[in-house]
**Q** 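Attaching a single structure in structure tokens format; questions to follow.
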Amino acid sequence: KAGVTQTPRYLIKTRGQQVTLSCSPISGHRSVSWYQQTPGQGLQFLFEYFSETQRNKGNFPGRFSGRQFSNSRSEMNVSTLELGDSALYLCASSLEGQGRTEAFFGQGTRLTVV
Amino acid sequence: AQSVTQPDIHITVSEGASLELRCNYSYGATPYLFWYVQSPGQGLQLLLKYFSGDTLVQGIKGFEAEFKRSQSSFNLRKPSVHWSDAAEYFCAVGEYNFNKFYFGSGTKLNVKP
């Protein structure tokens with residue numbers, strides 16, 4: 001079956017712009033979580049959605065937001081981009097959205113802010 | 001607070017040599033533990049996981065890990081490393097009721113020919 005699909009794979013944006021990233025989970029999976037990966041901070045949890053509801057949010061400013069649609073696809077949005085937002089953004093798809101359920105990661109979206 | 005520590009940032013081993021990557025965790029209860037591998041510019045691939053039961057778990061690509069509650073450790077091992085194992089390895093703790101992980105800072109593995 002198809003894996004987790006993240007689009008686009010690469011993005012270059014200018015400071016002050018906004019960006020929307022997309023994550024299509026594995027068919028039937030109801031939970032999507034998002035992570036930011038940078039060389040300095042490593043993998044940091046952004047938020048998690050389950051059945052269109054945000055259940056968890058990490059320690060990121062309000063410029064970072066997300067949503068999940070009825071088909072479980074998720075989007076995250078970053079407004080007023082800063083240079084420090086340059087990172088690899090990963091999403092993880094999970095069937096039940098519980099810790100003992102394996103999560104499958106997409107290949108990520110590489111965002112560069114210039 | 002939950003946390004994961006991987007004390008080794010870089011490790012270099014010769015092809016064919018054995019490998020052990022260290023991982024220590026801090027969690028309030030019995031943890032769900034994972035090891036993921038990441039090739040450059042790619043996502044994370046699950047190597048193995050521990051939920052309960054036998055403390056020695058087998059994973060893909062010949063990897064295994066041992067859960068030691070007394071040491072709060074979940075070290076990853078492989079008896080003979082292949083050049084294709086060169087990548088970055090992440091240890092993680094999973095939240096009980098959510099699709100949420102706490103990751104270590106990662107260990108980059110370099111394999112010498």
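A, B, ... follow the sequence lines: proteins, then strands. Residue 1 opens every chain.
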**Q** Which class fits the ring pair F105(A) and F101(B): parallel under 30°, tilted 30 to 60°, perpendicular over 60°?
**A**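 Rings of F105(A) and F101(B): tilted, 30 to 60°.
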**Q** Quick one: does NZ or CZ of K78(B) land under 6.0 Å from the six-membered ring centre of F63(B), within 45 degrees of the ring axis?
**A**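 Here K78(B) passes the 6.0 Å and 45° test against F63(B).
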**Q** Identify whether NZ of Lys or CZ of Arg in R55(A) sits under 6.0 Å from the centre of the six-membered ring of F98(B) and within 45° of that ring's axis.
**A** no
**Q** Which bit of Q45(B) comes within less than 4.5 Å of chain A, counting heavy atoms only: side chain, backbone, both or neither?
**A** neither
**Q** Would you mind checking which part of F90(B) comes under 4.5 Å of any heavy atom in chain A, side chain (CB onward), backbone (N, CA, C, O), both or neither?
**A**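 Side chain only.
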**Q** Any idea which of S31(A), G58(A), G42(A) has the most non-hydrogen atom pairs under 4.5 angstrom with chain B?
**A**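 It is S31(A).
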**Q** Taking 4.0 angstrom as the limit, do R63(A) and D85(A) come out as a salt bridge?
**A** yes
**Q** Output yes when K61(B) and D85(B) qualify as a salt bridge under the 4.0 Å nitrogen-oxygen rule, no when they do not.
**A** no
**Q** Chain B heavy atoms under 4.5 Å from Y35(A): which part of the residue, side chain, backbone, both or neither?
**A** side chain
**Q** Do you know which of S93(A), G108(A), A103(A) has the most heavy-atom pairs with chain B at a distance under 4.5 angstrom?
**A** A103(A)
**Q** Do Q68(A) and F47(A) come within less than 4.5 Å of each other through their side chains, counting heavy atoms only?
**A** no
**Q** In terms of heavy-atom proximity below 4.5 Å to chain B, should E96(A) be classed as side chain, backbone, both, or neither?
**A** neither
**Q** Considering the options Y32(B), F67(B), F74(B), which one meets the ring-ring contact (aromatic ring centres under 6.0 Å, His included) requirement together with F51(B)?
**A**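 Result: among Y32(B), F67(B), F74(B), Y32(B) is the only option passing the ring-ring contact (aromatic ring centres under 6.0 Å, His included) with F51(B).
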**Q** Report which part of F45(A) has an atom under 4.5 Å of a heavy atom belonging to chain B: side chain, backbone, both, or neither.
**A**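 F45(A) touches chain B through side-chain heavy atoms alone.
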**Q** Chain B heavy atoms under 4.5 Å from V4(A): which part of the residue, side chain, backbone, both or neither?
**A**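 Neither part; nothing is under 4.5 Å.
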**Q** Give, as side chain, backbone, both or neither, the part of Y50(B) having an atom under 4.5 angstrom from any heavy atom of chain A.
**A** neither
**Q** Select one option (side chain, backbone, both, neither) describing which atoms of L44(B) are under 4.5 Å from chain A's heavy atoms.
**A**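 When you check distances to chain A, atoms from both the backbone and side chain of L44(B) fall under 4.5 Å.
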